[in-house]
Amino acid sequence: MREAVQKSPDRLSPADWLLVGLFSLILAIILIAVFFRYVVNHSLFWSDEVVRYLFVWFTLWGAALVLRDRRHIRVEYFVEQLPVRVRRAVEAAGLLLVLVFHGFLVVAGFLWVYQTAGATTPALGLPLNWVFYAALPVTAALSCWFVVRRFLAGQYAELDAGE
């Protein structure tokens, strides 16, 4: 079941490709905006806004993928001092807390999206609740999925730096 969570390093999942696509889009918009501002001498009124919202999605999506890959940083000095059985229980409890926290973010995030209906982005007039605020509950739900997969695979701890 370990293979269900761990992927081979040379193969990207659709979630990884989405992250690559978001980064590429951010980079392309920034480069185009710089070209227009300094070469054409005409600023694109929408570029800052779009990059800002894409960056929020990029950051939260990336955090979910790091959770999937067991690569979040942590201070583990005290946990490593515990006996193996206690350490495993503490790591499982920690992962359960991560699940509870992300579950809260899903519920509260969708309430937030619902309550902010009608707000629009300043430059483009897009629905702010779906373009910006929805990033939180969507990526938190993805994180919940990854935590459940890790529980089912018995992978409670993050990977060590050398793994």
Side-chain heavy atoms under 4.5 angstrom apart, residues restricted to Ile, Leu, Val, Met, Phe, Trp, Tyr: same cluster for Trp46 and Ile30?
-> yes
Measuring from Leu99:CG to Phe146:CZ, what's the distance to the nearest 0.5 Å?
-> 13.5 Å
Are the side chains of Asp16 and Val20 in touch, meaning some heavy atoms are under 4.5 Å apart?
-> no
Evaluation steps, side chain to side chain contact (heavy atoms under 4.5 Å, CB included), between Leu128 and Tyr53 | CA-CA 9 Å; Leu128 192 60; Tyr53 300 142; 3.5 Å; yes
According to a 4.5 Å side-chain heavy-atom criterion applied to Ile, Leu, Val, Met, Phe, Trp and Tyr, with indirect links allowed, do Phe55 and Val34 form part of one hydrophobic cluster?
-> yes
Are any non-hydrogen side-chain atoms of Leu105 and His102 less than 4.5 angstrom apart?
-> yes
Connected via hydrophobic side-chain network under 4.5 Å: Leu60 and Ile26 = yes
Is the shortest heavy-atom distance from the side chain of Val113 to the side chain of Pro137 under 4.5 Å?
-> yes
Counting distance only, does the side-chain N/O of Thr121 pair as donor-acceptor with the main-chain N or O of Leu126 below 3.5 Å?
-> yes
How far apart are the C-alpha atoms of Val50 and Leu54, what are their side-chain angles, what is the distance that settles it, and do they pass the side chain to side chain contact (heavy atoms under 4.5 Å, CB included) test?
-> CA-CA 6 Å; Val50 171; Leu54 287 174; 3.7 Å; yes
CZ of Phe35 to CG of Leu44: how many Å apart, nearest 0.5 Å?
-> 10.5 Å
CA sep, side-chain torsions, deciding dist, call: Ser13, Arg68, side-chain hydrogen bond (donor to acceptor under 3.5 Å, both in side chains) | CA-CA 11 Å; Ser13 71; Arg68 175 200 65 191; 3.1 Å; yes
Any sub-3.5 Å donor-acceptor pair from Arg150's side-chain atoms to Tyr156's backbone N or O?
-> yes
Roughly how far, to the nearest 0.5 Å, is CZ of Phe132 from CD of Glu49?
-> 10.5 Å
At their closest point, which heavy atom of Val66 faces which heavy atom of His72, and how far apart are they?
-> CG1-N, 3.4 Å
Check whether any side-chain N or O of Gln155 sits under 3.5 Å from a backbone N or O of Phe151 as a donor-acceptor pair, and report yes or no.
-> no
How many angstroms lie between CG in Leu82 and CD in Glu76, if you round to the nearest 0.5 Å?
-> 12.0 Å
For the pair Glu158 (side chain) and Arg71 (backbone), establish whether a donor and an acceptor sit closer than 3.5 Å, ignoring hydrogens and angles.
-> yes
Any donor-acceptor pair under 3.5 Å linking the side chain of Arg37 with the backbone of His42?
-> no
CD1/Ile73: more than 12 non-hydrogen atoms of other groups inside 6.0 Å | no
Can Phe101 be reached from Leu97 by stepping across I, L, V, M, F, W or Y side chains whose heavy atoms are under 4.5 Å apart?
-> no
Pairwise distance CH2(Trp130) to OG1(Thr116) - rounded to 0.5 angstrom = 9.0 Å
For the pair Trp57 (side chain) and Val131 (backbone), establish whether a donor and an acceptor sit closer than 3.5 Å, ignoring hydrogens and angles.
-> yes
When hydrophobic residues are tied together by side-chain contacts of less than 4.5 Å, even through go-betweens, does Val107 share a cluster with Val147?
-> no
Within a strict 4.5 Å, meaning less than it, do heavy atoms of the Val90 and Phe78 side chains meet?
-> no
Verify side chain to side chain contact (heavy atoms under 4.5 Å, CB included) between Phe104 and Val100, making sure each step is shown before the conclusion.
-> CA-CA 6 Å; Phe104 169 78; Val100 168; 5.7 Å; no
Rounded to the nearest 0.5 Å, how far apart are CG of Asn129 and CZ of Phe110?
-> 11.0 Å
Minimum-distance pair of heavy atoms, taken over all atoms of Ala141 and Val106 = N-CG2, 3.3 Å
Do the side chain of Trp61 and the main chain of Ala135 share a donor and acceptor less than 3.5 angstrom apart?
-> no
